[in-house]
Amino acid sequence: MNKNREIAQIFETIADMLEVLEENRFKIRAYRNAARNIMELGDKIEEVEGRGELQSISGVGADLSRKISGYLETGKIEEYERLKERVPPGAVELLSIQGLGPKTLATLIKKLGVRGLSDLEKVLDGEEIKKLPRMGQKKIEEMRRGIQIVKEGGERIPLGAALPTALEITSLVREMPGTLDAVITGSIRRMKENNKDIDILALTRDGGSVIKAFVELPIVREVHAQGETTGSIITGEGVKVNLRVAGPDSWGGALQYFTGSQAHNVKLRILALSKGCNLNEYGVFRGENRIAWKSEEEFYEALGLEWIPPELREDRGEIEAAAKGEIPDLIQLADIRGDLHTHSTWSDGRYGIEQMAAAARDMGYEYIAVTDHSPSSRIANGLSTERLMEKKKDIQRARKRVTGISILFGAEVDIKSDGSLDYPDDVLKELDVVIAAVHSGFNMERAAMTARITAALKNPCVHALAHPTGRLIGTRAPYEMDIDEVIDTALKHGKALEVNSQYLRLDLNDINTKQAVDKGVKIIISTDAHHTNQLKLMGLGVGTARRGWLQTKNVINALGINDLKRWLKTPGKLSA
DNA sequence: GCCGTTTTCGGCCCGACTGTTTTCAGTCG
């Protein structure tokens, strides 16, 4: 079990409990802040504790580090145990219900003895609740709807699903009379892998009527809020969409504010205060004077910062880097010169080699590797050695028929449980590109899985490790393995790790990518396309990689074809 | 409870919208 997650969740729950008890709000924030940083920590917290470095974690001081050590030793945190007696843990979970906050929950616990969801449902149907202060019929209805949403799952929307929907709604907004422009903001602009809602900002001089048109769109199932500057709706599909409007006189401030993240914005505001400024969604102010508002660049500059790409705005060191002028030159979609992980009808793809190659060429790529599955992947119609050699002939044919792109002969080769590969080395040597991947036996023990994967990385025929952690967003946890050791092994043997762009994978994720990048490991960003359309998923991988602070110089498939071929021959030898 | 480019003490982000009020508390982002 992941101790980072356990501890982060306990700290979050403690914060919730303290909120219900109306404790000092800065203490509450301290718990939340520490929880977030522990969650995002690349290292395992046991190891940090072992090195005696808990207090190097941002937001963890003397007291919280003691609590963490105590938890690792005994499995308990005393304060948490004490709090559980005062605030029923089942009741705390009710805070995830929209419209039900800490104050209301405290009253419900105190006056009506609510200890969990079923209690709340009963109470909402009763008469007693109506006697509570500030409690009317609408409030009760709002909580009922909130319960419904939680029961429906209230799940986060994966980026790959959120982005197209957000684009669609944004273009509807852009077409509204009086709208000058509309853009996606919020977590989707930051390319987060999953998203609670969709945030859109419209540029207009007539906010009220744009908001009015927005809440009247046919896609709207329910209007959550409607004001002069903000509208909030639930779509027929149950997705929450927030629209914010801003005029040209505050565009930069609004764009910055509405892009977040919250942690990034809070830190910026503290920085502004230290410089004698104030900031809000209308701009940067010095006393009564507004000193920046037009653009994000101007906004950041007023605070003495370089402009920060949205993907970095998570309070993971980007503000400090921007102050020093050290924001990295992040990889962009346009820097990608080819796709090194795709499938064809030879295994489980929908299109032949020629069609995949032509589609890649039409996207402006210089090369594509068609990397079908190996024999152990039976379900995916993996290729026997014999069929692999037939495929080689097909590749050669395709090279003649589809010009303007280099077609590389590749395979996505299973890493078997013992760490050996699914083709013998003399077959692997025939291939231009060898991507190794785990497709079975996910539930191995940590040490065994680590050994299995590192063994594959040590094979001189292997170029890269595909979807290194095996996680599926919202479905399957990463394999138990030592990611640090995998990264170190890749570095030592000059092998690349993949950022897979399939939207339930995005694997490596942002944090693991940053760990790998910080150590100097090369990355391939690939689509794993099983369809010509899926070649377009590259943007999701690039977005994830940017969140991992990935620079063009670290990306193998940002190399031109000649440099790529050189690297493929001797992956360990390429200099940065 | 954390933290330091004026600080080891005294700070800690800011505004919009709703519902239940009659001036604002609660919630959200």
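All values below were derived from every heavy atom in this structure, side-chain atoms included, with hydrogens, water molecules and symmetry-related copies excluded. Chain naming here is simple, since letters A, B, ... match the order of the sequence lines and numbering starts at 1 in each. The shown structure was predicted, so the numbers you read here are calculated from the model rather than taken from an experiment.
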NZ or CZ of K84(A) within 45° of Y80(A) ring axis and under 6.0 Å: yes
Whole-Å distance between [N] [atom2] and [X] [atom1]?
X	N	atom1	atom2	answer
I211(A)	dA16(B)	CD1	C1'	11 Å
I270(A)	dC14(B)	CD1	P	9 Å
R32(A)	dC13(B)	CZ	P	14 Å
K267(A)	dC13(B)	NZ	C1'	14 Å

Trace of the salt bridge (Lys or Arg N to Asp or Glu O under 4.0 Å) decision for E19(A) with K27(A): CA-CA 10 Å; E19(A) 205 155 23; K27(A) 180 173 170 180; over 6 Å; no
Please determine whether the number of non-hydrogen atoms from other residues, nucleotides or ligands lying under 6.0 Å from atom [atom1] of [X] exceeds 12.
X	atom1	value
R86(A)	CZ	no
R476(A)	CZ	yes
K212(A)	NZ	no

Can I get a per-line list of side-chain donor-acceptor pairs under 3.5 Å for residues 135-143 of chain A, giving both atom names and the distance, sequence neighbours left out?
{"unit_1": "K139(A)", "atom_1": "NZ", "unit_2": "G99(A)", "atom_2": "O", "d": "3.3"}
{"unit_1": "E141(A)", "atom_1": "OE2", "unit_2": "R144(A)", "atom_2": "NH1", "d": "2.9"}

What pairs of donor and acceptor atoms, side-chain ones from residues 502-509 of chain A against any protein atom, are under 3.5 angstrom apart with sequence neighbours left out?
{"unit_1": "Q502(A)", "atom_1": "NE2", "unit_2": "T527(A)", "atom_2": "O", "d": "2.8"}
{"unit_1": "Q502(A)", "atom_1": "NE2", "unit_2": "D528(A)", "atom_2": "O", "d": "3.1"}
{"unit_1": "Q502(A)", "atom_1": "NE2", "unit_2": "Q534(A)", "atom_2": "OE1", "d": "3.3"}
{"unit_1": "D507(A)", "atom_1": "OD1", "unit_2": "T469(A)", "atom_2": "N", "d": "3.1"}
{"unit_1": "D507(A)", "atom_1": "OD1", "unit_2": "T469(A)", "atom_2": "OG1", "d": "3.0"}
{"unit_1": "D507(A)", "atom_1": "OD2", "unit_2": "T469(A)", "atom_2": "N", "d": "3.2"}
{"unit_1": "D507(A)", "atom_1": "OD2", "unit_2": "T469(A)", "atom_2": "OG1", "d": "3.3"}
{"unit_1": "D507(A)", "atom_1": "OD2", "unit_2": "G470(A)", "atom_2": "N", "d": "2.7"}
{"unit_1": "N509(A)", "atom_1": "OD1", "unit_2": "I511(A)", "atom_2": "N", "d": "3.1"}
{"unit_1": "N509(A)", "atom_1": "OD1", "unit_2": "N512(A)", "atom_2": "N", "d": "2.7"}

CA sep, side-chain torsions, deciding dist, call: D197(A), R156(A), salt bridge (Lys or Arg N to Asp or Glu O under 4.0 Å): CA-CA 8 Å; D197(A) 49 26; R156(A) 291 183 163 260; over 6 Å; no
Under 4.0 Å protein heavy-atom contacts per nucleotide of nucleotides 24-29 of chain B, with B for base, S for backbone only and - for none: BBSSSB
Sequence-aligned protein contact record of nucleotides 1-11 of chain B, with B where the base is within under 4.0 Å of a protein heavy atom and S where only the sugar-phosphate is: BSS--------
Spacing of the [atom1] atoms in [M] and [N] (rounded, Å):
N	M	atom1	value
dT20(B)	dA25(B)	C1'	9 Å
dG11(B)	dT7(B)	P	14 Å
dC17(B)	dT22(B)	P	23 Å
dG15(B)	dC9(B)	C1'	30 Å
dT8(B)	dC12(B)	C1'	16 Å
dT23(B)	dG29(B)	P	29 Å

Under 4.0 angstrom, heavy atoms only, what part of the nucleic acid is [X] near: base, sugar-phosphate, or nothing?
X	result
L279(A)	sugar-phosphate
Q137(A)	sugar-phosphate
R244(A)	sugar-phosphate

Among E311(A), E314(A), E193(A), salt bridge (Lys or Arg N to Asp or Glu O under 4.0 Å) partner for R547(A): E314(A)
Working for salt bridge (Lys or Arg N to Asp or Glu O under 4.0 Å), residues D199(A) and R244(A): CA-CA 8 Å; D199(A) 295 312; R244(A) 177 100 192 185; over 6 Å; no
Under 3.5 Å, is there a donor-acceptor pair between the side chain of [X] and the main chain of [Y]?
X	Y	answer
E318(A)	R316(A)	yes
T259(A)	L255(A)	yes
R174(A)	A182(A)	yes
T104(A)	L100(A)	no

Any D206(A) side-chain heavy atom under 4.5 Å of S209(A) side chain: yes
Stretch residues 287-321 of chain A: residues that reach within less than 4.0 Å of DNA chain B through a heavy atom: none
Strand-adjacent residues in residues 226-236 of chain A, judged by heavy atoms under 4.0 Å from DNA chain B: Q226(A), G227(A), E228(A), T229(A), T230(A)
Along DNA chain B (nearest heavy atom to each residue), the more 5'-positioned of L273(A) and M135(A): L273(A)
Residue-phosphate contact under 4.0 Å: N280(A) side-chain N/O, dG15(B) OP1/OP2: yes
Pairing nucleotide - dT8(B), Watson-Crick or G-U, each distance under 3.5 Å: none
